[in-house]
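One structure is given here, and the rest of the page talks about it.
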Amino acid sequence: LHTGAPVYCSCAQVFGGLAMAPHRSIALLVAAGCAGAAQALETRASLNPIRKVVNMLQMMQKKVEEEGEKEKELYEKFMCWCSTGSGDLTASIEAAKEKVPSVLAEIEASEGKIAQAKED
């Protein structure tokens, strides 16, 4: 019966017991008992609150690193757009500036036609 107190079993104890045990069945029981105790300690360690916090922090670190890589990719795309986009915008603005006088002339011509149509 396990009383809740930690059970510590070292390899030297198990294998030393095997070498000294007169019967193999006793040696197997001792080995099985230590294996069960080791498994209980492992289960207990996985339920340790400090281990839970450490695991949570490790998962958070991994998530932050993944998000950082995504942000880096987005930043690189944005910087590419900024470097190529400004040239495109400048060209578009220049084209619009050149087109303004011709559009104004068309508007004046249309207003003249409207005024003439109203007189007739």
Side-chain angles (χ1 to χ4, degrees):
L1 292 174
H2 191 336
T3 61
V7 177
Y8 299 102
C9 236
S10 70
C11 292
Q13 290 172 337
V14 173
F15 293 117
L18 286 176
M20 301 174 100
H23 304 317
R24 285 201 176 266
S25 60
I26 295 174
L28 291 175
L29 288 173
V30 169
C34 282
Q39 186 178 10
L41 285 174
E42 185 177 319
T43 302
R44 199 176 226 182
S46 68
L47 299 177
N48 183 353
I50 295 172
R51 173 57 31 205
K52 287 181 182 180
V53 171
V54 169
N55 288 341
M56 181 183 66
L57 289 172
Q58 288 172 341
M59 290 188 317
M60 287 174 61
Q61 178 184 7
K62 184 179 177 183
K63 185 177 181 179
V64 168
E65 288 173 353
E66 289 172 356
E67 289 175 355
E69 289 180 17
K70 289 178 185 177
E71 289 291 329
K72 183 179 177 183
E73 290 174 16
L74 289 174
Y75 176 78
E76 289 173 357
K77 288 180 182 179
F78 176 73
M79 292 307 295
C80 179
W81 177 81
C82 286
S83 63
T84 60
S86 65
D88 294 343
L89 289 175
T90 303
S92 175
I93 291 170
E94 292 300 321
K97 285 181 180 178
E98 291 174 5
K99 192 175 180 182
V100 167
S102 65
V103 171
L104 287 176
E106 288 177 16
I107 290 173
E108 289 175 3
S110 296
E111 287 177 350
K113 289 180 185 178
I114 291 173
Q116 187 179 17
K118 286 182 180 180
E119 288 177 9
D120 291 337

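As the structure is a computational prediction, the values presented were derived from the model and not from experiment.
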Could you pull out all donor-acceptor pairs under 3.5 Å where a side-chain atom in residues 75-85 meets a protein atom, sequence neighbours excluded?
{"residue": "S83", "atom": "OG", "partner": "M79", "partner atom": "O", "Å": "3.3"}
{"residue": "S83", "atom": "OG", "partner": "C80", "partner atom": "O", "Å": "2.9"}
{"residue": "T84", "atom": "OG1", "partner": "C80", "partner atom": "O", "Å": "2.9"}

Exercise for the section: Taking atom CD1 of I50 as the centre, report whether more than 12 heavy atoms of other residues, nucleotides or ligands fall under 6.0 Å from it. Expected result: no
Problem - Exceeds 12 heavy-atom contacts within 6.0 angstrom, atom CD of Q116 - result: no
Please table the atom pairs, donor to acceptor, closer than 3.5 Å between any side-chain atom in residues 102-111 and protein atoms at least two apart or in another chain.
{"residue": "S102", "atom": "OG", "partner": "K99", "partner atom": "O", "Å": "2.8"}
{"residue": "S110", "atom": "OG", "partner": "E106", "partner atom": "O", "Å": "3.0"}

Practice task
Under 4.5 Å between side-chain heavy atoms, chaining through other members, with only Ile, Leu, Val, Met, Phe, Trp and Tyr counted: pull out the rest of the cluster around M59, sorted by chain and number.
Solution key: none
Handout entry: Crowding at CE, M60 (>12 non-hydrogen neighbours, <6.0 Å)
Key = no
Handout entry: From E66 atom CD to K63 atom NZ, the distance as rounded to the nearest 0.5 Å
Key = 9.0 Å
